[in-house]
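Each chain gets a letter, A, B and so on, in the order its sequence line appears, and its residues count up from 1.
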Number of protein chains: 2
Amino acid sequence: MTTLTPRRRDAAGTRQLLLDAARRRFASQGYSATTVREIADEAGVNVALINRYFSSKEGLFEACLTGADDELGRTVSADVPLDEVPHAIARQLAGPHTGRHPSLLLLLLRSSGDERADEIRLGILRSFAERLAASAGRPPDGPGAEQVLLRAQIALSAALGIALLRSAAAMEPLASAGEDELLEPLQDLIAGLLAGG
Amino acid sequence: MTTLTPRRRDAAGTRQLLLDAARRRFASQGYSATTVREIADEAGVNVALINRYFSSKEGLFEACLTGADDELGRTVSADVPLDEVPHAIARQLAGPHTGRHPSLLLLLLRSSGDERADEIRLGILRSFAERLAASAGRPPDGPGAEQVLLRAQIALSAALGIALLRSAAAMEPLASAGEDELLEPLQDLIAGLLAGG
DNA sequence: CGCTGATGTAAACGCTTGCTGACTTAGTAT
DNA sequence: ATACTAAGTCAGCAAGCGTTTACATCAGCG
């Protein structure tokens, strides 16, 4: 059988260490303000391994995005009723995992300037907005479809903006608001934007 | 008397050229992704003048922020009724000036990492949120004051998120939505978040 | 053992960055 | 004209960047 003791040399393990560290840095500081040496230091790993495992800084960033895509696809299911949407957003913004993973949403706002990476990023955001529109009972097409999608994108904007204001600015009381404190305002926001009319 | 003909060497003029170019670049690409040579080229001015007039890249960024502060104080008055807030936001996001000045709001989301600059930035954002809370009929203190301020900050988050999604992503139909198309959803959002309850 | 491929390390490469100092040019007053 | 100052130019520096190359070390296997 293969070894059960943690290998001192574990390619997949250090790869993951790099991915985690990179995601934290990219999310909190943005792409170009983050240096590969920072990432390597935070991961406790040699700098050259970034290029070995991900070809380039760009490649590492893309890997972070696709990883975020997978995670988002797992946690946020497709057909959640509109009532549950505020819960999901509040959990994503201030859930118990927030310490370790500084809001996956932030990463989706960071651009590297690279075209391919930006396509991935925009693709995730688009599908996010479309799922939101579907939850709002949007018909796949029809007269009001565009309006509902627009409103879903605005709701997504709000979630992303909150993530940014909590992190990049330390705007109180928003920055310290817990999951439950965010829930009520988010419910009213979603209700006004996607349910009422 | 002093000369009335436009001087070919005009310190105040080139200073303003640099400020305008810098604001465009910083807003659209962020601080660290923007190089001083880019700014100088876009302004049609020699690179060294940035350091002459603003001491450093950081100084130029701070000057952009204080300039944005002045402009915001002029355009957005203190006591606008809540009904007018959606108009003001829609105008700021997609008004006729949007081509030249890529949404002042974007600049307020860009961090340079410098402490002083970030204090200025956060100060502008805070006062923005407080004006919003005041429009929502918030009493200066009292039991519900914190909640109203939190909701105002969430409304501000939405505006900032929209600016970001229109620019950094090119998310349709949000990115191409005009002032009038944004107005209705924003009215519903503000109504649900700050008026209703 | 000795060999081999995978994993990690160290040092440097070439390039871009923000910034500087010595210089030239334009405008004005004497 | 001459001298003086403000405004703009130019070449280059030191530092930091992403990346690469050459080397060391370990695991697995005959």
Ignoring hydrogens and angles, tell me if any N or O in the side chain of [X] forms a donor-acceptor pair with the backbone of [Y] under 3.5 Å.
{"X": "S56(B)", "Y": "G59(B)", "value": "yes"}
{"X": "R121(B)", "Y": "L108(B)", "value": "yes"}
{"X": "E172(B)", "Y": "S176(B)", "value": "yes"}
{"X": "S28(B)", "Y": "R24(B)", "value": "yes"}

Is the closest basic N to carboxylate O distance between R151(B) and E146(B) below 4.0 Å? no

Taking [atom1] from [X] and [atom2] from [N], how many angstroms apart are they, rounded to a whole number?
{"X": "D10(B)", "N": "dT28(C)", "atom1": "CG", "atom2": "C1'", "result": "16 Å"}
{"X": "F61(B)", "N": "dG18(C)", "atom1": "CZ", "atom2": "P", "result": "14 Å"}
{"X": "D41(A)", "N": "dA10(C)", "atom1": "CG", "atom2": "C1'", "result": "14 Å"}

Touch check for F54(A), heavy atoms < 4.0 angstrom, all strands: base, sugar-phosphate only, or nothing? nothing

Which parts of nucleotides 16-26 of chain D does protein reach within less than 4.0 Å, heavy atoms only, written one letter per nucleotide 5' to 3' as B for base, S for sugar-phosphate only and - for none? -BBBB----BS

Between S135(A) and R131(A), is any side-chain donor less than 3.5 angstrom from a side-chain acceptor? no

If the cut-off is 4.0 Å, is Y53(A) near the phosphate of dG8(C), judged by side-chain N/O to OP1 or OP2? yes

Do the side-chain N or O atoms of T14(B) get closer than 4.0 angstrom to the phosphate oxygens (OP1, OP2) of dA7(D)?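 Result: no.
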
